[in-house]
Q: 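Below: one structure in structure tokens.
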Amino acid sequence: MFDEYSNPVSYKQKFLDQNAFLVYYTKGFDGPKRPSIEEGEVPIQTLQYGFRNDAWQAMDDLLSELDFGLTETIRTDDLSKLIDRVISAVDSYISLAPSSQLDEAFRLSINKSI
């Protein structure tokens, strides 16, 4: 699912990632009378990968807690918080997907459950 709704890394983002040291210390200087290379909106790809990483981390924390629960007593409110984190992270990621694709996925999931 995560690869399906993630935009590929742009050339600009690759440049920023590979030259982070220079970009940081030059404050994004890209030449005289040119805007900083870091100006502009946060690329959707950055948001997608951030939400994806949050979802994986939340899921890993939940699974670790459940594994711990096999040998020790765990509190249900701790599990509830972890489940909420997973749902919130996945919802944030999915919210960036095109609405037409979300509608189609919902329609397909309804048909499969019948």
Side-chain angles (χ1 to χ4, degrees):
M1 172 184 83
F2 289 121
D3 290 339
E4 183 68 28
Y5 294 109
S6 294
N7 294 347
V9 178
S10 68
Y11 173 79
K12 179 180 176 181
Q13 189 62 48
K14 285 181 188 177
F15 175 83
L16 292 172
D17 291 345
Q18 292 170 349
N19 297 287
F21 181 82
L22 292 173
V23 172
Y24 176 80
Y25 282 104
T26 63
K27 297 179 177 48
F29 180 75
D30 195 30
K33 298 183 182 180
R34 293 185 65 170
S36 168
I37 195 168
E38 296 180 300
E39 283 185 14
E41 293 182 24
V42 175
I44 192 167
Q45 184 263 345
T46 300
L47 297 173
Q48 290 168 329
Y49 282 93
F51 289 142
R52 179 204 64 188
N53 293 346
D54 291 346
W56 281 122
Q57 183 63 52
M59 182 61 81
D60 186 54
D61 291 347
L62 175 62
L63 294 175
S64 295
E65 189 71 16
L66 290 171
D67 190 42
F68 176 76
L70 295 174
T71 58
E72 302 290 331
T73 304
I74 53 177
R75 297 175 15 179
T76 55
D77 62 321
D78 290 341
L79 280 180
S80 178
K81 287 177 188 175
L82 290 169
I83 291 169
D84 288 344
R85 275 186 51 215
V86 171
I87 292 170
S88 175
V90 172
D91 281 348
S92 296
Y93 179 83
I94 290 175
S95 72
L96 297 175
S99 61
S100 61
Q101 291 181 5
L102 290 175
D103 294 342
E104 178 68 11
F106 181 72
R107 186 185 64 73
L108 291 172
S109 70
I110 296 296
N111 289 340
K112 285 184 179 181
S113 64
I114 297 177

Q: State the CD-CG distance between Q101 and L108, to the nearest 0.5 angstrom.
A: 11.5 Å
Q: Quick check for you: to the nearest 0.5 Å, what is the distance between D91 atom CG and F51 atom CZ?
A: 10.5 Å
Q: Taking only distance into account, with no hydrogens and no angle test, what donor-acceptor pairs under 3.5 Å do side-chain atoms of residues 78-87 form with protein atoms, sequence neighbours excluded?
A:
| residue | atom | partner | partner atom | Å |
| --- | --- | --- | --- | --- |
| R85 | NH1 | D61 | OD2 | 3.0 |
| R85 | NH2 | D61 | OD2 | 3.1 |

Q: Please check: side-chain N/O of N53 versus main-chain N/O of Y49, any donor-acceptor pairing under 3.5 Å?
A: yes
Q: Considering residues at least two apart in sequence or located in another chain, which fulfil the side chain to side chain donor-acceptor pair (under 3.5 Å) criterion with D103?
A: none
Q: Please find the pair of heavy atoms, one from F68 and one from I74, that lie closest to each other, and give the distance.
A: CD2-CG2, 3.4 Å
Q: Find the distance between OG (S92) and CZ (R52) and round it off to the nearest 0.5 Å.
A: 14.5 Å
